[in-house]
Structure formats: structure tokens, C-alpha cells
Protein chains: 2
Amino acid sequence: MPYTYQYPHPAVTVDGVVFGYDEADLKVLLIQREQAPYKSRWALPGGFVEIDEGLEDAARRELEEETGITRLYLEQLYTFGAPRRDPRERVISVAYYALVKLTDHAVHAASDARNVAWFPVADLPSLAFDHEEILDVALRRLKAKIRYEPVGFELLPEKFPLSELQRLYETIIEQPLDKRNFRKKILSMGLLADTDEIQQDVAHRAARLYRFDQAAYQRLKKAGFNFEL
Amino acid sequence: MPYTYQYPHPAVTVDGVVFGYDEADLKVLLIQREQAPYKSRWALPGGFVEIDEGLEDAARRELEEETGITRLYLEQLYTFGAPRRDPRERVISVAYYALVKLTDHAVHAASDARNVAWFPVADLPSLAFDHEEILDVALRRLKAKIRYEPVGFELLPEKFPLSELQRLYETIIEQPLDKRNFRKKILSMGLLADTDEIQQDVAHRAARLYRFDQAAYQRLKKAGFNFEL
DNA sequence: AGACGTTGGTGTCCTCAAAACACTAAGGCA
DNA sequence: TGCCTTAGTGTTTTGAGGACACCAACGTCT
């Protein structure tokens, strides 16, 4: 027990709410706990912050260790610190939320022996600790954020048809959008670049594929442009 | 040194960015440090989180202890945890921002012997630790938040003329607003109740005084209303 | 008493973006 | 060849935001 302090110190962890999307619904990555407390309950991936490690670094490291996911959009969400949220000791958790392209990470979600799985947000198991609350906050943040910043693209493959983008939006904000108005608006922003490709192997007319034009977005943002819906 | 752990634990603090407004500019409450490090530098009020105390509770307690301010709008801002942000040991700071009615707290800002003062955000001294960064994040948040949630009223006296509300908005978002359009819009929301009073002791035509109608706001919010600008 | 200075308070028109709305095109499949 | 499914396309209507200028009230100064 080599670490002593003059005053009691809480433990600090990071937890990650990792969102993914597959043509049907919005999903979250969960890990089944192997140890007490909450043994065999599902929980958000996360762990302790090393003493010499930045918070975001810790979040990335834990996500990589536990789920194998490496490149992702990551942003701090909120810090949860209710005194008894962990029965063992006082633990303060800095929560992050992340968006990944599910297509890249679909299968091998289980990286080490652990039980890792994607769950549709509409149909979740009961979670360990206060993780349901954390997830709830993350979901509200995502719903709000997607309307005024172009983060939805982080959830899609690099090339995607407009209809998929629209379905993504409809899924997340939970309301239908008019097809023509959606296309008109999103295209008029000039953030989408038309790859000269079309869908393959579909049983109907193939759609054009677009990609998000990061460079154009940066340019527009500097010029005072504000993404909206 | 009675507190020992198996692994190293960081210290956890809360810091508060307290905003006030007085008919000319937006101000922030700062404390002059009495001890090293950064002795005699100005800093955000804050302090250590007790081991059995919620984060928001800690923020309120510290603000009351150090500045005497008691009723305020308080909201978690962001958590800062760069490994060397405090030279003594690893310290993770959960920052909050607060809005107060400066009229209520103008004078006795110095509660105990400490040196406490309001500074215009446009003219700040150099600050201790990473507090300039924290303040910067807080300011950006306030600017964004005031446009889509009716928090501006927290900075004004209970009864205020419309012109003062408009000046507040112009100060915070740093651009002028058209008087007629502003009045039209804000009044049409139905969030302001006309007290039947007017300004006293002014050297010109006296303005009607309004107050923010919290009950009406709650009602509208439930009905799906969204405040904007 | 009268002129002046300062802030309060009011309405219209124009412009543009959001919302509603329905049909043809393409291509695989039975 | 007909059918099913999804892609792709414009116009009209409606409402909100933005530009814009004058009179009213009231204290102050001479």
C-alpha cells in the first residue's frame, strides 16, 4: 500500500459511451463485467485514469484495450461523482462519448476474452453502476449535437448514399424528414462531395455515393458558416 | 498520513466561473491567492472535493465559503485534467460556471479576509494554473447557451427594462441587435410578465419593468417550445 | 416657461428559408 | 415483360427574420 496522502482522495475513472449505426438502428457498445460488483452485468467500457495520463488519453486507451477500437470521434460528455455511485470506494467518472463507423468495427468487437457486444439503444439490458444515467445523458447530447454540428458522418462509412444519411438522422432525432427538403438542404451546404461511384449489389436502382468533405467544412466554418440540421 | 491506497489517486477539485453583469459589461469573480503556487495571482474560486460530497455540492460550498455567494444558477462546465496543470500533485478539476445577479452581490464580494473582486471579462489579469483556459471555455459556453436557453435573466435583477435585457445580449454575443426586432421577438415568446412598475429616478422617460415568468417558461417547454436568441 | 437631451416605445415591408407535396427513372427479379 | 423497390427531381405556400424612422415621455438646463 505505497500511496499515501494527507487527505482522502477519490479514485478517478473514465467511461465511454460508444455509438455506432447500422442501417437499422443506433447502437451502443457494452462490456459484460467479470467481477463484482455488478458481476456479469453489462457496463460501459472504462477504467482508471493513470496518474500521469491525460483524461482523453485514458479514455482512448481504455477503449482500445477493452474493445479494440482505435480511430474514433471522441468528446468529453460530463463528469459523474455522486458519493456512492461505486460501492467500493469514492469514484469520480469522467464520461466521454464516441462515434464510430460500425462497418469497420462490427465483428471483432470482442478483442480480448471479454464479452463485448453492440446493443440497440432502443433495447438495452440493465446496466452496472449509474451507467444508465450516463448513457441517457450521452443520448440526449448526441440528439442535440447532431442538429448543429456535422457529426453524423462519423457514424457512416466513408462513402454513403443520401438515403442512408437521412435514415441516420431520422433514427437519431426520432422523427421523419421530407426526402426532397432533406436532400435540397444538405446538398446546398456544399459539405458533400460526389464520389463518382454508385451502390453495388442492390436489388433496385443504385444510388450515388457521397463523402463528407472535411476540407470544405473547415473552410466554411472559418467563413462563419453554421451547420444546422 | 492516514490515507493510503493500492494505486495512486489524483486529487479532485472544483472550480467556479462566476459571471455577473452590470449595465456596462460582463464580469467574472476572481480570488487572489494567498499561497504558493501562483502566490498573489488571481484565480477562480474553488477547492478540494470532500470525500463524501457530491460534485455540485462541493462547488456550491466552495463558492459560498470563498465569496459568500449563495443562491445562483450553477451548471457543470467541463473537467480539466492535464497531468501537470498543478505543480504540486496530479489534480483533476471539475469546472462549473455560475450566473448571479450582480446587484445582489456587488459590494461584499470579499467575505472573509481574502481579496475577492469582479473583473470585466474584456480586461482580465493573468490567472493561476490553467484558469485562463477554463474561463475561455466558460465564456464560449455562455455565449452559445444564452442563444438557445433563457439563462440571461439569471444575470439581471428580478425586474428590469427591456433595454437592459437587450444590452445584456449585445454584450455577451458581442454584436448589436435591432431594438424593434428584439422587443417584438422576446415579447412574442410570452416569457416576460409586465410588472406594473416603471423605472424610478432616471433622467429620461421611465421604462416599464418586466420580470422573467418562470412558470410560463416551464409550461411552454413542456409543450415543445424552444427558446431561441 | 421653454428648449434640449436622452431613452422609451411602436409597425410595415421585403426577403428568404422551411414545409408541404407527387411523379418519373433505374434496375433487379420473378 | 411486368413488378417491386428505391433514387432522384421543382414548385408553391407560409412564416419568420431583418431592415428601417419617427413620435412620446420626462428630467434638466438656462
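In this text the structure is predicted, and so the values were computed from the model without any measurement. Throughout, a chain's letter reflects where its sequence line sits, starting with A, and its residues are numbered from 1.
Ring pair B/Y217/B/F212 is tilted by interplanar angle, where 30° to 60° counts as tilted.
Evaluation of atom-type donor-acceptor distances gives no pair under 3.5 Å for the side chain of A/R180 against the base of C/dA20. No hydrogens or angles were tested; on distance alone, a donor-acceptor pair under 3.5 Å links the side chain of B/K179 to the base of C/dG9. Between the side chain of A/K184 and the base of D/dT11, at least one donor-acceptor pair of N or O atoms lies under 3.5 Å.
Annotation: B/F160 is not in aromatic contact with B/Y210 [ring centroid separation under 6.0 Å not met]. Proximity of the aromatic rings of B/Y21 and B/F19 is defined here by a centroid distance below 6.0 angstrom, and this criterion is not met. In this structure, the ring of A/Y38 has its center less than 6.0 angstrom from the ring center of A/F129.
Across the interface with DNA chain C, nearest-nucleotide mapping of B/E164 and A/A206 shows B/E164 to be the residue nearer the 5′ end. Remark on DNA chain D: of its neighbouring residues A/D178 and A/Q199, the 5'-side contact belongs to A/Q199, judged by nearest-heavy-atom nucleotide. Annotation: of the two residues near DNA chain C, A/K185 and A/V202, the 5′-most nearest-nucleotide partner is A/K185. Between A/L162 and A/A203, the residue whose closest nucleotide on DNA chain D is further toward the 5' end is A/A203.
We find that CG of B/L187 is positioned 12 Å from P of C/dG11, with the value rounded to whole Å. Straight-line distance from the CZ atom of A/R147 to the C1' atom of C/dA18: 13 Å, rounded to whole Å. For A/F182 and D/dG10, the CZ to C1' distance is 18 Å, given to the nearest whole Å. The CD atom of B/Q200 sits 17 Å away from the P atom of D/dA25 (whole-angstrom rounding). One atom, CD of B/E23, and another, C1' of C/dT7, lie 14 Å apart when rounded to the nearest Å. Protein atom CZ of A/R183 is 9 Å distant from nucleotide atom C1' of D/dT9, rounded to whole Å. Distance B/E228 CD to C/dA18 P: 11 Å, rounded to the nearest Å. In this structure, the CZ atom of B/F225 is 14 Å from the C1' atom of D/dA16, given to the nearest Å.
Taking every side-chain heavy atom of B/N181 into account, D/dG18 is the closest of D/dG18, C/dT7, C/dA20.
The phosphate of D/dT6 (OP1 or OP2) has no side-chain N or O of A/S163 nearer than 4.0 angstrom.
Note on A/R208: only backbone sugar-phosphate atoms sit closer than 4.0 angstrom, heavy atoms only; bases stay farther off.
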Derivation of the side chain to side chain contact (heavy atoms under 4.5 Å, CB included) call for A/I186 and A/L191: CA-CA 8 Å; A/I186 201 89; A/L191 296 178; over 6 Å; no
